[in-house]
Amino acid sequence: MTEQTLSIIKPDGVKKRLSGKIISIFEENGFEIKAVKKVHLTKKQAEGFYYIHKERPFFNSLVAFMTEGPVIPMVLSCENAILKNRDIMGATNPKDAKDGTIRKMFAESIERNVVHGSDSIESAKFEISYFFNVFEIL
Ligand code: IDP
Ligand code: MG
């Protein structure tokens with residue numbers, strides 16, 4: 001089934017000018033870019049996006065990281081987009097990520113791990129609508 005998922009190139013990826021490479025990886029793997037923008041999140045916006053993690057010990061640090069510079073959220077579409085994107089991204093901790101995954105190739109640490117990807121149909125729906133309205137998804 002064709003699905004949509006939200007990807008974000010995080011501030012570390014944008015700062016290191018990895019956005020072109022990362023977008024190429026998505027396109028080469030059959031994803032269509034349905035929407036894309038560049039935004040600098042406020043503290044409130046980052047907290048809202050990651051509300052699910054608000055009780056985690058790393059929450060404040062994660063919010064500080066996600067607001068340190070601009071990010072590039074994108075809506076990606078293909079068959080099984082949610083799982084496929086998680087596969088291409090690799091494990092949260094780059095030390096555990098498989099060879100060839102974005103996080104294995106580019107991430108510095110479990111926190112500064114270059115990309116975000118929705119983890120379920122429900123989170124994809126919430127996360128896509130967090131950044132894009134229906135007229136912006138083509
Ligand atoms: P995911 O991005 O692979 O789905 P989540 O568990 O949803 O991983 O965590 C969200 C983000 O929070 C991670 O991508 C990473 O930036 C950060 N994070 C997760 N676990 C830790 C940790 O143990 N220490 C610091 N940051 C973490
Ligand atoms: Mg997650």
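Along the sequence shown, the residues carry numbers beginning at 1. Remember, it's 1-based here, ligands and their atoms both numbered in the order they're listed.
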Measure from NZ or CZ of Lys84 to the centre of the six-membered ring of Phe31, then state whether that distance is under 6.0 Å and the direction lies within 45° of the axis.
yes
Where do Ser77 and Glu3 land on the side chain to side chain donor-acceptor pair (under 3.5 Å) test, with the steps shown first?
CA-CA 6 Å; Ser77 163; Glu3 266 174 5; over 6 Å; no
So does Lys125 get a backbone contact from the side chain of Tyr130, meaning a donor-acceptor N/O pair under 3.5 Å?
no
Return the option from Thr92, Ile8, Ile110 holding the heavy atom at the smallest distance from atom 3 (O) of ligand 1.
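Shortest heavy-atom distance from atom 3 (O) of ligand 1: Thr92.
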Considering His116, Met89, Arg103, which one's heavy-atom position lies nearest to atom 2 (O) of ligand 1?
Arg103
Using a heavy-atom cut-off of under 4.0 Å, does the side chain or the backbone of [X] touch ligand 1, or both, or neither?
X: His53; result: side chain
X: Arg86; result: side chain
X: Asn113; result: side chain
X: Arg112; result: neither
X: Leu62; result: side chain

For atom 16 (O) of ligand 1, the protein heavy atom that lies nearest, with its residue and separation
Glu111 O, 2.8 Å
among protein heavy atoms, the one nearest atom 20 (N) of ligand 1 is Phe58 CE2, 3.4 Å
Other residues, nucleotides, ligands: >12 heavy atoms within 6.0 Å of Lys16 NZ:
yes
Does Lys10, backbone or side chain, put an N or O under 3.5 Å from an N or O of ligand 1?
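Between Lys10 and ligand 1, an N or O pair is found under 3.5 Å apart.
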Contact summary for [X] and [Y], nearest pair of heavy atoms:
X: Val114; Y: Gly13; answer: CG1-CA, 4.1 Å
X: Asn113; Y: Asp12; answer: N-OD2, 3.5 Å
X: Glu79; Y: Met1; answer: OE1-N, 3.3 Å

